Q: 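My questions all concern the structure below.
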Number of protein chains: 2
Amino acid sequence: MVIPGEQALAERGLRLTPQRMMILEAIEARDDHFSAEEIYAQVRQRYSHMNLSTVYRTLEILEQAGLVTQTDLGDGRVRYHWTEKSRHHHLICQGCGQVIDLEECLLAPLKETLRRDYGFSANIAHVTIFGRCAKCHEV
Amino acid sequence: MVIPGEQALAERGLRLTPQRMMILEAIEARDDHFSAEEIYAQVRQRYSHMNLSTVYRTLEILEQAGLVTQTDLGDGRVRYHWTEKSRHHHLICQGCGQVIDLEECLLAPLKETLRRDYGFSANIAHVTIFGRCAKCHEV
DNA sequence: GTCTATCTGCAAATGACTTGCATTCACTAA
DNA sequence: TTAGTGAATGCAAGTCATTTGCAGATAGAC
């Protein structure tokens, strides 16, 4: 179990190909939110034949396996993060584009309310709130 | 001042063209979240020469004027709603796609916390929470 | 080693917008 | 009321992230 996700792939009858290994390593090396294109660029530094379609397809199966989570950060592309690493939320400033991370516990009461009153099981790792940061608010 | 938004347009030196009037009327007739394409289809029933670019451009200026607000409902397109009508949030079920509306006040405490602790002025009309509704949760 | 369903690479397709530009037109000032 | 003009429209072409079809390659079971 050297490579993270190896087991998760095997459990689903999915193959651990060199391409997938490189993509998994690239993802593991990051703590932030990355786009498919960024992972593609990163892997290409080591393996120049990496294909962008393969990155997209790999991210898709990793998401289905629950290893990776999608987020919308308001730019026109999907961003991903390693599910286990990022249990937090995002404040996105519509003025300067800054992304502020929020602790998970801040939304715990809300999550409980949603479950109790609406029967809704919130995927709280996905919450993104738009607005203006202190600096941009004055403008 | 028969047409909503007429004043807001005039204040910005923007013209009230027939196309904009039709788009404004189409928007006013709706209480839900609509895409540019939907407004386009709706207006075309009355005026078959309506142009999709014009719809996009009009929605853009209406957003700048604050009359209309953008939301991300998780499908791959931008959705809009009439700002005054929709002071609420959305729970989106990732199982069945259902959109549940939430009352605005539910997030008021969170908004206050964000302002106090982070200096962040949350645009609370934009909040969307993904998860699973009661029906889809059992699966 | 063999076999086969799964993967990959490539190129082309998709789909939601966006843009350039020539033409048309809503408003303003005379 | 009517020019004049900057703004708006229509159309076609362009973007850009992402997806897909398909033929050839290959991981992993046996």
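None of these values were measured; they are calculated from a predicted model. Chain letters run A, B, ... following the sequence lines, proteins first and then strands; every chain starts at 1.
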Q: Can you tell if the side chain of Val55(A) reaches within under 4.5 Å of the side chain of Val43(A), non-hydrogen atoms only?
A: no
Q: Atom CD of Glu60(A) and atom P of dT19(D): how far apart are they, to the nearest Å?
A: 6 Å
Q: For Thr17(A), which residues count as a side-chain contact (heavy atoms from CB on, under 4.5 Å) partner, sequence neighbours excluded?
A: Arg15(A), Gln19(A), Arg20(A)
Q: Do Arg12(B) and Gln64(B) have side-chain N/O donor and acceptor atoms under 3.5 Å apart?
A: no
Q: Under the side chain to side chain donor-acceptor pair (under 3.5 Å) test, which residues partner Tyr40(B), sequence neighbours left out?
A: Arg44(B)
Q: Scan Ser53(A) against the nucleic acid and name what it touches under 4.0 Å (heavy atoms): base, sugar-phosphate only, or nothing.
A: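 Base contact.
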Q: To the nearest Å, how far apart are Arg12(A) CZ and dG28(D) C1'?
A: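 Distance check: Arg12(A) CZ to dG28(D) C1' gives 18 Å.
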Q: Let me know the distance between CD1 of Ile23(A) and C1' of dC7(C), rounded to the nearest Å.
A: 11 Å
Q: Find the distance Asp75(A):CG to dT18(C):P and express it as a whole number of Å.
A: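 Spelled out: CG on Asp75(A) to P on dT18(C) is 14 Å.
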Q: Polar atoms only, N or O, under 3.5 Å: list the protein pairs with nucleotides 15-18 of chain D and their distances.
A:
residue	atom	partner	partner atom	Å
dA17(D)	OP1	Arg77(A)	NH2	3.4
dT18(D)	OP1	Val78(A)	N	2.6
dT18(D)	OP2	Tyr56(A)	OH	2.5
dT18(D)	O5'	Tyr56(A)	OH	3.2

Q: Find the distance Arg57(B):CZ to dG20(C):P and express it as a whole number of Å.
A: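 Checked: the CZ to P distance equals 11 Å.
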Q: Would you give the length of the straight line joining atom CG of Asp31(A) to atom NE2 of His81(A), rounded to the nearest 0.5 angstrom?
A: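 So the gap between those two atoms works out to 11.5 Å.
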Q: Can you name the side-chain contact (heavy atoms from CB on, under 4.5 Å) partners of Glu28(A), sequence neighbours left out?
A: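 Applying side-chain contact (heavy atoms from CB on, under 4.5 Å) to Glu28(A) gives Pro4(A), Trp82(A).
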Q: If I take atom CG in residue Asn51(A) and atom P in nucleotide dG24(D), what distance separates them, rounded to the nearest angstrom?
A: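 Going from Asn51(A) (CG) to dG24(D) (P), I get 17 Å.
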Q: What is the bend of the helix from dG1(C)-dC30(D) to dA30(C)-dT1(D) when you compare the axis at one end with the axis at the other, using five pairs each and rounding to 10°?
A: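 Nearest ten degrees gives 40° for this helix.
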Q: Which pairs would a plain distance check flag for residues 46-54 of chain A, meaning a side-chain donor or acceptor within less than 3.5 Å of a matching protein atom at least two apart in sequence or in another chain?
A:
residue	atom	partner	partner atom	Å
Arg46(A)	NH2	Glu25(A)	OE1	3.0
Asn51(A)	OD1	Ser53(A)	N	2.8
Asn51(A)	OD1	Ser53(A)	OG	3.3

Q: Check whether Thr71(A) reaches the backbone of Tyr80(A) with its side chain - one donor and one acceptor, N or O, closer than 3.5 Å.
A: no
Q: Side-chain N or O of Gln19(B) versus OP1/OP2 of dA26(C): is the shortest distance under 4.0 Å?
A: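 Answer is no, no contact under 4.0 Å.
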Q: Rounded to whole Å, how long is the line connecting atom OH of Tyr40(A) with atom C1' of dG9(C)?
A: 11 Å
Q: Taking salt bridge (charged side-chain N to carboxylate O under 4.0 Å, His left out) as the cut-off, I'd like each qualifying pair that reaches into residues 112-122 of chain B, sequence neighbours left out, listed once.
A: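 Salt bridge (charged side-chain N to carboxylate O under 4.0 Å, His left out) check on residues 112-122 of chain B returns no pairs.
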Q: Need one value for Thr17(B): base, sugar-phosphate or nothing, where a base atom within 4.0 Å counts as base even if backbone is also close, heavy atoms only.
A: sugar-phosphate
Q: Starting from the 5' end of DNA chain D, give me the residue, Pro18(A) or Met50(B), whose nearest nucleotide shows up first.
A: Met50(B)
Q: Side chains of Tyr118(A) and Leu106(B): closer than 4.5 Å at any heavy-atom pair?
A: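 In short, these two side chains touch, coming nearer than 4.5 Å.
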Q: How many Å lie between CZ on Arg44(A) and P on dG9(C), as a whole number?
A: 12 Å
Q: Mind checking what makes salt bridge (charged side-chain N to carboxylate O under 4.0 Å, His left out) contact with Arg79(A), not counting sequence neighbours?
A: Glu38(A), Asp75(A)
Q: Is the phosphate of dG10(D) approached by Thr54(B) (side-chain N or O, under 4.0 Å from OP1 or OP2)?
A: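 Yes, because at least one side-chain N or O of Thr54(B) sits under 4.0 Å from OP1 or OP2 of dG10(D).
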Q: Tell me whether Ser121(B) contacts the main-chain N or O of Gly131(A) through its side chain, where contact means a donor paired with an acceptor under 3.5 Å.
A: no
Q: Set out, line by line, the N/O atom pairs under 3.5 Å between protein and nucleotides 3-6 of chain C.
A:
residue	atom	partner	partner atom	Å
dA5(C)	N3	Arg15(A)	NH2	2.6
dT6(C)	O4'	Arg15(A)	NH2	3.3
dT6(C)	O2	Arg15(A)	NH1	2.5

